[in-house]
Amino acid sequence: MKRHSWLVLIVLAVWSLWAAMPAAAQQYKPEFKSSLVVGPAGPWGEAAIKFADLLKERTQGRINVKNYFAGQLFAGKQTNEFTLLAQGVADFALGSTINWSPQVKELNLFAMPFMYPSYKALDAVENGEPGQKLFKLIEAKGVIPLAWGENGFRQVTNSKRPIKGPGDLDGLKIRVVGSPIFIDTFTALGANPINMNWGDAQTAFQQGTVDGQENPVVSVITPFKLWTTQKHITLWYYAIDPVILAVSKITWDSLTPADREIVRKTAEEVMAWQKKGARAGLEGSNEAIDNLKKNGMEVVTLSAKDLEAFRAKTRPVYDKWVAEVGPDMVKAAEKIIAATK
Ligand code: X2X
């Protein structure tokens, strides 16, 4: 053999050894970016911190996740978060299904007005066939979902008046996420929905350019101290908002199988803890609601008859969105929910 061929052989041999070496021995990038709409306070942000800490510890620092809170990573619209994740601009995200529903329209299953009567119904849908199908749909778009978590049941607040029936929403400017089902729902209720990022909404409440908003009590209303701008809250449980901890497929593929296992297990563990946190003071206790009152909010609770009036007004929105989400998926969820009643 010529000297030249020997050289080629040696290079090939060294290269194949390197390629076969477990990636753990190779270097991952020094920082994995994780996106969040909210800040570090409350169960949502706290879970992101816990996830990053545990991953670092369990991988001896190989996987170093940095949380970019308050939408720092997407800069533009919060409804772009899923796209950034699919592109690998964000490695991880702990994101709301609402923000991802423009890209994965089946996720609107959780925003169908007045669909979920209880946590039990929600859990059954997430853990059942619809939940599994949603994870597959997300994965097909380049994002690996790791575990369900929760923002919570969304309640409406405003600075103007108590909302006891659909008529009370007439003309109120309500900030909503830029996901079309919310525009439809609030339009049907006679309100004036305004699409805005969560970060911008804080200024709008302070300046009074919008009157109200809708978000869960423990995960958002409390950590953001919305009582400083919003006097009234109505507990109407009109939509549920799961969050999902997910990783970009690009990032996932760069990890060793052993590290993937650590990531998945840690995500499941942290998100089970997160879900409990999102329900604390709401389920089996009134603590979270009492705390709103203590901070000066006036709380409206609704009778079954009051709720029916809201449901009737938004029925055409529900019917329209059955087609968007997919009739089979909605039917499967309706069946599961009926069985939990
Ligand atoms: O923007 C919102 O309302 C929030 C924080 O709940 C979501 O990210 C959907």
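Every number for a ligand or one of its atoms is a count from 1 in the order of the listing.
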Q | atom 4 (C) of ligand 1: nearest protein contact (heavy atom, Å) | A | N215 OD1, 3.6 Å
Q: With heavy atoms only and a cut-off of under 4.0 Å, state how W100 meets ligand 1: side chain, backbone, both or neither.
A: neither
Q. R154 to ligand 1: N or O pair under 3.5 Å?
A. yes
Q. Of the backbone atoms (N, CA, C, O) and the side-chain heavy atoms from C-beta on, which set of N151 has a member under 4.0 Å from an atom of ligand 1: side chain, backbone, both, or neither?
A. side chain
Q. For ligand 1, which atoms, with element, lie under 4.0 Å from some heavy atom of V177?
A. 1 (O), 2 (C), 3 (O), 9 (C)
Q) Considering distance alone, does some N or O of R175 sit under 3.5 Å from an N or O of ligand 1? A) yes
Q | Q202-D200 side chain donor-acceptor pair, cut-off 3.5 Å | A | no
**Q.** Residue from Y119, F110, Y116 passing ring pair (Phe, Tyr, Trp, His ring centres under 6.0 Å) with F153
**A.** Y119
Q | Gap between atom CG of L109 and atom CE of M112 - 0.5 Å precision | A | 7.0 Å
(Q) Minimum distance, heavy atoms only, to atom 8 (O) of ligand 1: which one of N99, L36, V243, I98 is it? (A) N99
Q) Should the ring pair W148 and F135 be called parallel, tilted or perpendicular, given that the plane angle runs from 0 to 90° and is split at 30 and 60? A) parallel
Q | Whether S101 side chain and K105 backbone form a donor-acceptor pair below 3.5 Å | A | no
Q: Note the single closest protein heavy atom to atom 9 (C) of ligand 1, along with its residue, its atom name and the distance in Å.
A: S96 OG, 3.4 Å
(Q) With a heavy-atom distance limit of 4.0 Å, tell me whether Q78 approaches ligand 1 through its side chain, its backbone, both, or neither. (A) side chain
Q. Cut-off 3.5 Å, side chains only: do E81 and W100 have a donor facing an acceptor?
A. yes
Q: Rounded to the nearest 0.5 Å, what's the gap from OG1 on T266 to CG on L55? Could you check?
A: 5.0 Å
